[in-house]
Amino acid sequence: MSSQVRLRLLPSARCLFDQPVQVKVEGLRSRQVVTMRARSTDEKGVVFSSSATYRADGSGKIDLLRDPSLSGSYVGVEPMGLLWSLKADALHKYFFKNNALHPHVVKFSVHEEDREDRMLAEVTNERLLIGNGVSRVPVKGRNFQGVLFTPPGDGPFPAVLDLSTFASEKRASLLSNKGFVVLAVPVYSDHPDNVKQTNLDHFKEAVDFLQQQPKVGSKGVGIISRSKGADIALSLAAFVPGIEAVVWINGCSSIVGVPVYYKNRQILSTLPFDFNKVIRTESGASIIRYGLEDAVTEKNKGSLVPIEQAKGHFLFIASGDDLNWDSKAYMDEMAERLKHHRKENFETVCYPEAGHLLEPPYGPYCPSALHGLIRFPVLWGGEPRAHAAAEVHMWKKMQDFLRTHLKCDAAQNKARL
């Protein structure tokens, strides 16, 4: 380790997961070429790493806000490139970071060019998922279980239900840092093979629980959802009172998987999936985008969620390169249907080069991984740089949308307290 070389993260080496840092190196030789590296281990013990080659300026300094990577995991000026380009040695690995109590720890280091054994400096970046004063409480209702995140202070705060396909706290905890009471609830708390129907009543119970929280001041509840969670979010908006705002990310306009029941009767059937239309690739991962049947045909109309009867607002977010399913087409179909019913309660956003797994920003981009429902590796799609930029834009867009449509009533909040 060189005593004169300094590697710094500004404004601090400790920050929230969704905050950018400025990576700077000082004390190098004039025009010296070095390799910058990042390394992190996920909750399953899988190591992810990235590297990029940089040339110092005349005064021996490198600033990732200004300087381009010449080669490596990415090229060009990418201030957070070492983070989003982290990947495992093995194929089809998703970076598991789901428990909010444990920070995302990344080791940044500077090495002599192409000499991993000659480290010049290093620093550890602690990227927190849960901010100061935010409370995390596991909750178990009669028919649902989840984790409740509540910001510090008296509020009133808007309430959001975070529907993830499988249990994950990351998005919910990060959103709570921004001043939302967020209840994270998975669609599947049991093995998917054991689930024969979705009971909307169970998710309504979660909505009711949220509305009863003492610090909640919004008139209704917002929902954030992606993939399988998105069609459940649409169903709640269509059938359950009190849903004021829905963020739908790369989902379907119909029900996928198992039929939906509400008040002891089936209200929506499922859109069939044809495994013969799955495309195998040389990497061992498959493209499943073309497997779902056409949602708007006569025989499948019973699976289409009647969002035109919803009272709340929608933010539809679709990726143009989603290889999981054609989310852009589903978004366009829903927008046209709402227009046909003279509805103006929606916004659409498309990221042409992003893939399926849009998440809070600055996590490792995932091109392919084992699919949790169909149990074989799939390609998620997306050009890495464009996907990372989409996540930054989407994260702010989502928060602005939720704040706009979840107005808080201080009087209502005081009455609860």
Side-chain angles (χ1 to χ4, degrees), residues 48 50 73-75 78 80-81 83-88 90-97 164-166 168 170-171 224-231 247-254 256-257 271 273-295 315-334 348-395 397-398:
F48 287 68
S50 61
S73 301
Y74 58 94
V75 293
E78 287 292 327
M80 298 290 279
L83 286 180
W84 60 249
S85 67
L86 285 163
K87 70 175 186 177
L91 289 172
H92 317 315
K93 294 294 183 183
Y94 170 77
F95 190 93
F96 276 91
K97 187 74 207 74
S164 54
T165 307
F166 298 100
S168 176
K170 179 169 63 178
R171 188 171 58 193
I224 294 182
S225 58
R226 188 191 67 210
S227 199
K228 175 54 193 167
D231 62 56
V247 180
W248 174 101
I249 306 166
N250 289 335
C252 187
S253 53
S254 285
V256 179
L271 189 61
F273 187 89
D274 185 353
F275 280 94
N276 292 320
K277 292 183 178 177
V278 170
I279 301 170
R280 314 285 175 186
T281 70
E282 290 183 7
S283 72
S286 298
I287 297 171
I288 64 171
R289 172 183 173 124
Y290 308 102
L292 282 173
E293 291 189 7
D294 189 345
L315 172 60
F316 299 123
I317 299 172
S319 295
D321 194 38
D322 184 350
L323 297 183
N324 184 70
W325 43 33
D326 196 350
S327 53
K328 169 70 164 56
Y330 297 133
M331 177 177 78
D332 291 344
E333 183 277 316
M334 290 190 291
T348 62
V349 179
C350 179
Y351 300 110
E353 295 180 277
H356 183 68
L357 291 184
L358 285 176
E359 300 202 314
Y362 312 128
Y365 161 72
C366 180
S368 62
L370 183 70
H371 196 290
L373 296 178
I374 53 181
R375 309 309 298 167
F376 56 76
V378 301
L379 290 174
W380 298 120
E383 188 281 317
R385 184 194 307 255
H387 186 93
E391 289 182 332
V392 174
H393 183 272
M394 179 192 76
W395 189 231
K397 177 72 178 173
M398 262 173 29

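Below, each value reflects all heavy atoms present in this structure, side chains not excepted, and no hydrogens, waters or symmetry copies.
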In this structure, is the centre-to-centre distance between the rings of His92 and Trp380 below 6.0 Å? no
Run the side chain to side chain contact (heavy atoms under 4.5 Å, CB included) test against Ala230 and tell me which residues pass, sequence neighbours left out. Ser225, Trp248
Apply side-chain contact (heavy atoms from CB on, under 4.5 Å) to residues Leu271 and Phe273 and explain how you reach the verdict. CA-CA 7 Å; Leu271 189 61; Phe273 187 89; over 6 Å; no
Going from OG on Ser253 to CE on Met331, what distance comes out if it is rounded to the nearest 0.5 angstrom? 11.5 Å
Residue pair Ser85 / Ser73: nearest heavy atoms and the distance that separates them: OG-CB, 3.4 Å
Taken to the nearest 0.5 Å, the spacing of Leu357 CG from Asn250 CG works out to 8.5 Å
Are Ile249 and Met398 side-chain neighbours, meaning at least one heavy-atom pair lies under 4.5 Å? yes
Closest approach of Pro384 and Tyr365, non-hydrogen atoms and distance? CG-CE2, 3.5 Å
Rounded at 0.5 Å granularity, tell me how far CG in Asp231 sits from SG in Cys252. 6.5 Å
Please step through side-chain contact (heavy atoms from CB on, under 4.5 Å) for the pair Val75 and Arg385, ending with a clear verdict. CA-CA 10 Å; Val75 293; Arg385 184 194 307 255; 4.2 Å; yes
When rounded to the nearest 0.5 Å, the distance separating CG of Leu379 from OG of Ser368 is 5.5 Å
Atom CG in Leu373, atom NZ in Lys228: separation rounded to 0.5 Å? 8.5 Å
Measure from the side-chain N and O atoms of Tyr351 to the backbone N and O of Leu358, and report whether any donor-acceptor pair falls under 3.5 Å. no
Report all side-chain donor-acceptor pairs from residues 284-295 shorter than 3.5 Å, counting only partners two or more places apart or in another chain.
unit_1 : atom_1 : unit_2 : atom_2 : d
Ser286 : OG     : Arg280 : NH1    : 3.2
Arg289 : NH1    : Asp322 : O      : 2.7
Arg289 : NH2    : Asp326 : OD1    : 3.2
Glu293 : OE1    : Lys299 : NZ     : 2.6
Glu293 : OE1    : Asn300 : ND2    : 3.3
Asp294 : OD1    : Val296 : N      : 3.1

Side chains of His356 and Ser227: any donor to acceptor distance under 3.5 Å? yes
To the nearest 0.5 angstrom, please state how far the CG atom of Leu315 sits from the NZ atom of Lys397. 6.0 Å
Residue pairs involving residues 356-384 (criterion salt bridge (charged side-chain N to carboxylate O under 4.0 Å, His left out); sequence neighbours excluded): Lys170-Glu359, Arg226-Glu359
Heavy atoms only: give me the nearest Gly251-Tyr330 pair and the separation to one decimal. O-CD1, 3.4 Å
Is it true that a side-chain atom of Asp321 and a backbone atom of Glu353 form a donor plus acceptor pair closer than 3.5 Å? no
Between Gly355 and His387 the two heavy atoms that sit nearest each other are N-ND1, 2.9 Å
Go through the steps to decide whether Val247 and Ile317 satisfy the test side-chain contact (heavy atoms from CB on, under 4.5 Å), and finish with yes or no. CA-CA 7 Å; Val247 180; Ile317 299 172; 4.1 Å; yes
Please assess Asn324 against His371 for the test side-chain contact (heavy atoms from CB on, under 4.5 Å), listing each intermediate value before the final yes or no. CA-CA 10 Å; Asn324 184 70; His371 196 290; 3.4 Å; yes
